[in-house]
Structures are given as structure tokens and as C-alpha cells.
Amino acid sequence: MGASARAVIIGGGVVGCSLAYHLGRAGWRDVVLLEQHELTEGSTWHTAGFVTSMRGPDGPGWHARLAGYLPALAAMLRAETGHDPGWRPVGGLRLALSHSHVDELRRLARRADELGVPLELRGASATMNLAPRLDLSDVQAAAWLPGEGFVRPKDFVNALVAGAVAHGASIRTGVRVTGIDTTGGQVRAVQTSDGVIETPLVINAAGAAAGAVGAMAGVVVPVVPILHQYGVSEVLHPALDPDSTPTCRIPEQALYLRAANGCVIVGGSRPDPVPAWPAGDAEPLAKARELAAPDDAAFAPIWQLAGERMPELRRAKLAKIMHGVEAFTPDGVPLAGRSSLPGLWIAAGFGLHGMALSGGIGRHLAEWITSGTPSWDLDALLPDRFGAPAANRDWTTSRALDTLRR
């Protein structure tokens, strides 16, 4: 293990890999990324990969700004590395089934116009050519967002890592962080299962385990591990082409669908989200590629809604359910920026939007770290915004669950 580094990134998911790439692209050659498993084996590997720039009619501008950077990043990665970064700009549909949700789409359109996000309102008949295999008989209006799509997680991370290594980063897997030295009230070194790395700067990008990593330095990181599940159908006949089939969301039913390898990914939020704090002293994500047992009863209503929207799913088998941990914050907004400890930065708590936001967060923090001034105003993401209550696990968990229920 090398004895020193200019910066150490803890966490080998998509956010950590984006940080390694962007720090290298900014000219920092001595950056080390540490992952206790193999890359992506925390939460990134089981993400559905949706990329949406709009989180609703009151959606924050920072989300649109960060997600809007992803297409440009994908083009840079392809040009620099020759790798397919897995970005598929297939467009996204949002369907309204009631008059009140038609009004929501109109509000969404106004907000998209304010943020410079392309959006077109359509009637059901004008939407059929975009989604010929969906039942649109009860659809009153649709929003078409041509800039949305999805990312294949493995391809995206592979491209980020290839770019990071080309810029001088060192990627070390199978290395567990055991402590962070903070002599004199400043980060000094990272202790690992493979030795000590002296460094003045650490970025905690450990996802659902970010709280445990922060505790090593005496810093509260209010991230709550919460389970989310989605299903994958068997291959349909004819198979769906993922590279040409738009993603689809029905907000009033909390339902989403996208094509994947000839199948359909079906997911949605549940009214009773389940926290996933491990028992005893165990830390979140301690095991690689860990999934919880499927909650069939909770998923059944989602699968039924999917069958009503896409009738061929009524005859198809549900091939598998992916029930994994995602990292959420008390207000549903990621943590990104300096911590209260000099030398420790946070990039965690992305919930279900890690793939969409990872590129922008990597760029934002890398610019801030290397130049001293961020180019984007992302004060809403500052890690210390919750104050003293963030140290109370019951408070952070309750608030995160309440946010998900809304």
C-alpha cells in the first residue's frame, strides 16, 4: 500500500468513481480510491439506472443541473477511453390519469421551461407511437422528456474507472478502511486493512455506509439505509429493445417501467418504506452484493399495476425481484460538500438518483476541491444543514421515512 496520497476516496460505487475521474481530469494525479469489496458491489450494482432531470413540478434546479451534465460526461468518456459509458437517451414519458395530474404535468412543463429542460405535453393519441405496447386508454395527458433515459451501471463505472486510471488515479479493491486519523483537528491519514495512507483530504463516498465511515473521524453523516425493490420480467416476445424504448413513469400510481435486455424493469415506491439498519454492531454494506429477501406482498400491487399498464405482463412471469439497500437522507436531498472536520468531504445519500447525479456531483466537488471555489451553487446539499438533530439515529430515520412517504 502506498504511504501517501493527495486525496483518498472511500467507496467504489458510481459516485466514488466519478470523483476519481473528475479529480484526475482536474489535474490531480495522486488520488487513491478504496473499496472494501469489488467496484459497484454496495448499491450501484443493483440500481435500475434511471436518469431523470425533473423530480416533479416543484423539482429543484440543482437536480436538473447535475443530471443535465450526464450526456456531456458520457460523450467525454467515450472519446477519452473508447468505452461505451452505457448512457441511453431513449427519452422519458410521464403519464397523467386524472384531471388533477394533468394540472401537475402543466406545472411540470412550466418548471421545465424555467430550468431549460426540454418537455412536450401530449395527448394520449399523440403518445401511442412512443409507447405502442402500453395501454393508454385511461391516459388523459403525457409529458415527453426527450433528454431523459437510463444508464447501464456496469458500463458507466467501467468508463469512469478507465478515465480515472488514465488520469493517474489508483483504484484499490478488497481494502477495508478501519480508521481516519485526525491529529490536530485535521485529517492526517486513513488506516486500512492493508496499511496506512497519509493524506490531507478524504472524500466519504461510502453510500449507505457513509455514517459508519464518518464516525471514524467523529463526524455525523446522516444517511439512512432503506430498502427499495423492483422486479424484472422474463424476456418478452417480441423482446423490447432497451435502446429505443422510452422509460415511463406514472406519478399518481408511484409506478415506473423501463426496458432492459428484452425484459421490463417494474418498480415503484411503497407506502411503508423499511429501514435496513443491520443488527448489533454490523455496518451497512458489510457484505458484497447483498440483497434482502423479496417482499412479495408489498410488490404484488406494483406488479398488478404494471400488468394493467402493459397487458402482456399479465401473461409474463416475474423473473426476479431486486430488493437492495439505498442511502437516503432526512430530507431526501444528497449530502455533498465539506464536513465540519477540515480535510473531510462528504458525497453520499443519493437515494434512487445516484446514477443520474453522480457525474455532476463528481464535477462539482472536484472543481471545489481543486480550485477552492465551486462553479455551481449547491448550498442545498451541504452536509451540515440538519444541525444537532442529525446525531440522533431515531430522528434521521424517522425523517427519512416521512420524506419517502410524501
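Not one N or O on the side chain of Thr199 forms a donor-acceptor pair closer than 3.5 Å with the backbone of Ala189. No side-chain donor-acceptor contact under 3.5 Å links Asp272 to the backbone of Val274. Although no hydrogens or angles enter the test, the distance criterion places no donor-acceptor pair under 3.5 Å between the side chain of Ser398 and the main chain of Trp395. Listed for the Thr370 side chain is no donor-acceptor partner under 3.5 Å among the backbone atoms of Ala26. A donor-acceptor distance shorter than 3.5 angstrom exists from the side chain of Arg122 to the backbone of Ala126, with no hydrogens or angles considered. With hydrogens and angles disregarded, no donor-acceptor distance shorter than 3.5 Å links the side chain of Arg363 to the backbone of Gly359. Using a distance-only test at 3.5 Å, with no hydrogens or angles considered, a donor-acceptor pair links the side chain of Thr403 to the main chain of Pro330. Side-chain atoms of Ser193 come within 3.5 Å of backbone atoms of Arg176 as a donor-acceptor pair (strictly under, hydrogens ignored). The backbone N or O of Gly332 lies less than 3.5 Å from a partner atom in the side chain of Thr329, making a donor-acceptor pair. In this structure, Ser170 contributes its side chain and Val32 its backbone to no donor-acceptor pair below 3.5 Å.
With Phe50 as the aromatic partner, Arg249 meets the cation-pi criteria of under 6.0 angstrom to the ring centre and within 45 degrees of the ring axis.
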TODO: Applying side chain to side chain donor-acceptor pair (under 3.5 Å), run through Asp135 and Ser137 and close with a yes or a no.
DONE: CA-CA 6 Å; Asp135 181 351; Ser137 60; 2.7 Å; yes
Open item on the list: Set out, in order, the CA-CA distance, both residues' side-chain angles and the distance that settles salt bridge (charged side-chain N to carboxylate O under 4.0 Å, His left out) for Asp295 and Arg270, then state yes or no.
Closed with: CA-CA 11 Å; Asp295 188 337; Arg270 53 188 291 174; 3.0 Å; yes
Open item on the list: salt bridge (charged side-chain N to carboxylate O under 4.0 Å, His left out) for Glu35 and Arg172? Distances and angles first, verdict last.
Closed with: CA-CA 6 Å; Glu35 166 55 46; Arg172 300 178 181 177; over 6 Å; no
TODO: Run the numbers on Trp62 and Leu357 for side-chain contact (heavy atoms from CB on, under 4.5 Å), then give the verdict.
DONE: CA-CA 10 Å; Trp62 58 260; Leu357 303 180; 3.9 Å; yes
Open item on the list: Using the rule given for side-chain contact (heavy atoms from CB on, under 4.5 Å), can you reason through Leu236 versus Val264, listing the C-alpha separation, both sets of side-chain angles and the distance that settles it, and then say yes or no?
Closed with: CA-CA 8 Å; Leu236 303 180; Val264 178; 3.6 Å; yes
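Between the side chains of His167 and Glu80, at least one donor N or O sits under 3.5 Å from an acceptor N or O. Side-chain polar atoms of Asp103 and Ser100 form no donor-acceptor pair below 3.5 angstrom. In this model, no donor atom of one side chain and acceptor atom of the other lie less than 3.5 Å apart for Ser371 and Thr373. A side-chain donor-acceptor contact under 3.5 Å links Trp277 and Thr397.
Side chains of Leu344 and Ile203 form no contact here, defined as non-hydrogen atoms less than 4.5 Å apart. By the 4.5 Å heavy-atom criterion applied to side chains, Leu77 and Tyr21 are counted as neighbours. Here the side chains of Val139 and Thr127 are not in contact, with every heavy-atom distance at 4.5 Å or above. The side-chain heavy atoms of Leu201 and Val187, taken from C-beta on, include no pair separated by under 4.5 Å. With a 4.5 Å cut-off on side-chain heavy atoms, Met54 and Leu108 count as touching. For the pair Glu326/His46, a side-chain contact is recorded, criterion being any heavy-atom separation below 4.5 Å from C-beta on. Leu227 is listed as a side-chain neighbour of His323, based on a closest heavy-atom distance under 4.5 Å. Looking at heavy atoms from C-beta onward, Leu378 lies in side-chain contact with Arg65 at the 4.5 angstrom threshold.
For Trp376 and Trp368, the gap between ring centers reaches or exceeds 6.0 Å. Two rings, from Phe328 and His353, have their centers 6.0 Å or more apart.
Look at Glu104 and Arg106 and you find no salt bridge, because none of the NZ, NE, NH1 or NH2 atoms lies under 4.0 Å from a carboxylate O. Classification of Asp331 and Arg399 as a salt-bridged pair fails, no side-chain N sitting under 4.0 Å from a carboxylate O.
Closest non-hydrogen pair, Leu115 versus Gly61, comes out as CD2-CA, 3.6 Å. Across every non-hydrogen atom of Cys17 and Leu33, the tightest pair is N-CD1, 3.8 Å. Closest of all the heavy-atom pairs between Thr396 and Pro389 is CG2-O, 4.3 Å. Ile302 approaches Gly268 most closely through the heavy-atom pair CD1-O, 3.8 Å. The two residues Pro238 and Arg133 have their closest heavy-atom pair at O-NH2, 2.6 Å.
The local environment of CE in Met128 is sparse, with at most 12 non-hydrogen atoms from other residues, nucleotides or ligands closer than 6.0 Å.
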Quiz: residues 141-156 side-chain donor-acceptor pairs under 3.5 angstrom, not counting sequence neighbours:
unit_1: Glu148; atom_1: OE2; unit_2: Thr52; atom_2: OG1; d: 2.6
unit_1: Glu148; atom_1: OE2; unit_2: Ser53; atom_2: N; d: 3.4
unit_1: Glu148; atom_1: OE2; unit_2: Arg94; atom_2: NH2; d: 3.3
unit_1: Arg152; atom_1: NH2; unit_2: Asp243; atom_2: OD1; d: 3.4

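Each of Tyr256, Tyr230, Trp303 was checked for a side chain to side chain contact (heavy atoms under 4.5 Å, CB included) with Val266, and the lone residue meeting it is Trp303. With Asp58 as the partner, the salt bridge (charged side-chain N to carboxylate O under 4.0 Å, His left out) test is satisfied by one option alone out of Arg111, Arg406, Arg107, Arg110: Arg107.
Here the straight-line distance linking atom OG of Ser43 with atom CE of Met355 works out to 12.0 Å at 0.5 Å rounding. One finds the CZ atom of Arg309 at 9.0 Å from the CG atom of Leu257 (value rounded to the nearest 0.5 Å).
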